[in-house]
Every structure is written in structure tokens, then in C-alpha cells.
Amino acid sequence: MHTLLNENPVHPLFVHFECTYRCNMRCAFCNVWRKNLFENEATTAEFKQRLLECWDLGCSIVSFTGGEPLLRKDLGKLLEFSSRGLGLFTGLVTNGILLDKNVDVLSKYVDALAVSFDVNNKQTFNRTRGVDAFEKVKKNIEYARRMGVEIELLSVLTKETFEFIDDTIEFAKSLELPIHFSPVDNVPREFVEVTDAQEMKVDAGKVLSKLEEEKRKYKKIHFERDYFNFQSSGGFGNTIRCSSASTTISLKPDASVALPCPFFTLMTIGKEENLRDGLNSEKARGIIEQCGSWDFCKDCSVNCMYVVSLVKYPHLLLRWIKDKL
């Protein structure tokens, strides 16, 4: 309500926590692994202080992402602090390679665990992900399921992975796991623009038709109809306006905070600076007010920024929630 009613508010709800840029995959549609800007990562204590400041600002949801978050050796301590220490709803997205070594800590401290599993086909999986990891990831998912860990599979749909969508759904069904399908997206980064995402896109109409048919058979299939249409129409600037700067704290691997979003930086609040003071500065206030108006916003259609921007569009937010059920 604060976000909806206040003029130029600083009441963030979400923390987009890129705890590392290191990754043990080389995904064709991703660009994070191509250039690590944050080789000097923050300490456990520095991250705990930043998370505390996020909680103090009113954030209630944190998503641990990367890179591959399980590469951080102190991840268990950070998850425990987030979930038990601060009471934040704690989510984590992993590629699954290290899932078996972290089952215990993930089951204790993660409220929403998502594992990337684009396709149930070895050759296509390994080619898309850039490493020979299909068997390892699949076995780890099966192991975590046997251990009673709640998991949602994430499948990025490309021209190639869509060809095997029936096999992928069957794998999810065999383990009685929910699976979320999302179209591949060209995630912009100010430091590198090289990905194969644009060439990998599949026709949204064909995908939606197939997913709607399959969801009638298996209710644990999830996808966001509005997001498919949002991406097809060209993203921000053509439909809704991005509000990432007011709704989301973009926490970087060095414990700095970037504005307006994780993908483009017009202002950095260094780890030695107080977060509340930084966000209340004149420069930050100006960025929050202008968020969504810059040229680099116009063609952006990144899913995570779309979701956090739905706070300003209640009718779309309600539909998004319905699609998740």
C-alpha cells in the first residue's frame, strides 16, 4: 500500500540478491558468466549487515541468485540469517549441479527452491547449458525429491527445448514436481551484450497453446500468460512501466546496491554506505522517480523485473497469482 499511495516512495519489498557472479555452467542465453565484475565478493558479515538493512527498510522477500549461489561456501550461514534471523521469505535458484551437497541446508532455510531443468534430453540440455551436466542434475533432483525437499523445476523454453517439452513434463510428473515454463529472454547487461537468446526464441502463440493443453492434464504446470504476451509485445515501454528501483533492492556480490535495477547501474550505494541514507539521497530519489523511462528500459522484458513491477498493477498481479496456482 505504501508503494501504491506514496509519491516517489522508498518502500522496497524485494531483495534481488546476486550473491556471486561465479558459475559452473556456460548457458547460451546467459551473459553473467562471460565477465565477472565482482571477483572481490563481500564477506559473510558484510552481507548480513546489508540484509539487516533491507529488512529494516521493510523488505519481506529475498531471492538468492547469481551466478550459481551454491558456489558460496558461506551460503548456509546467509540462508539461516535470512530465514531464521530476519524472518524473510527466502527463495533460491540453482542450476542443480551442487544440489546433492546442499540438500540439508536448503531444506532447512529455503522457503522456495527452484532448480533449472530446461529439457529432459541429454544432448539439448548439455548444449543449452554449455557443460556436460545433464545426468548429474537429473540425479540430484531425484535425490532431493527422495529426501523430501520441496522443489519447483524451471524450464527455459527455446526452439530446441520446446521440441522435447512432452519428455520434460513427463519427468516432472514422474516425481510429482511442479514445473514452471518461461520463454527464453535476452537479459540485458551493461557490461556485456553477448548471448544467443534472440536466435533461440520460440513462437509464443504455439507455446501458450501447448502449455494450456498440458495444464489441463497436469495441474502442477505453471506459466504466466501475461508475461508471454508482455515479452512478445516488446516488454517495458509498450505495456507496463518498470518500477524495479522502488520495489526492489538490487544487492550485488560485493554488498553494494545498484540502482535502478540489477542489469543497468546509474548509481551505486557502496557497502560502507548506509542503505537507507543512500536511497533517500536526492540522486536516488530522482532515479526512483524516472525508473522505466530510460532508453535501456524500453525493450527490456526480464521476467524478474516484470514480476516486481506488478505491484503497481493490481489486476495483473492478481492474474499472475492465479497463474501460479
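Just so it is clear, the model here is predicted, and its values are computed rather than measured. Hydrogens, waters and symmetry mates play no part in the numbers below; they use all other heavy atoms, side chains included.
Here SG of Cys300 is found 7.5 Å from CZ of Phe264. Values are rounded to the nearest 0.5 Å. Atom CG of Leu52 is separated from atom CG of Leu57 by 10.0 Å, given to the nearest 0.5 angstrom.
For Thr124 and Glu160, the side-chain atoms include no donor-acceptor pair closer than 3.5 Å. In the model, Asn95 has a side-chain atom that pairs as donor or acceptor with a side-chain atom of Asn24 under 3.5 Å. Residues Ser243 and Ser246 bring no donor and acceptor atom of their side chains to less than 3.5 Å of each other. At a cut-off of 3.5 Å, with distance as the only test, a side-chain donor of Glu224 or Asn303 sits close to an acceptor on the other residue. Between the side chains of Glu68 and Thr94, at least one donor-acceptor pair of N or O atoms lies under 3.5 Å.
Between His315 and Tyr313, the ring-plane angle classifies as perpendicular under the 30° and 60° cut-offs.
When Arg72, Lys252, Lys73, Lys271 are each tested for a salt bridge (charged side-chain N to carboxylate O under 4.0 Å, His left out) with Glu41, only one passes: Arg72. Considering Lys138, Arg129, Lys159 in turn, Arg129 is the only one that fulfils the salt bridge (charged side-chain N to carboxylate O under 4.0 Å, His left out) rule with Asp118.
Between Arg145 and Glu142, none of the side-chain N atoms (NZ, or NE/NH1/NH2) sits under 4.0 Å from a carboxylate O, so this pair counts as no salt bridge.
Every salt bridge (charged side-chain N to carboxylate O under 4.0 Å, His left out) that Glu214 has, sequence neighbours left out, goes to Lys210, Lys217.
Counting only heavy atoms from C-beta outward, the side chains of Pro178 and Lys219 never approach each other to under 4.5 Å.
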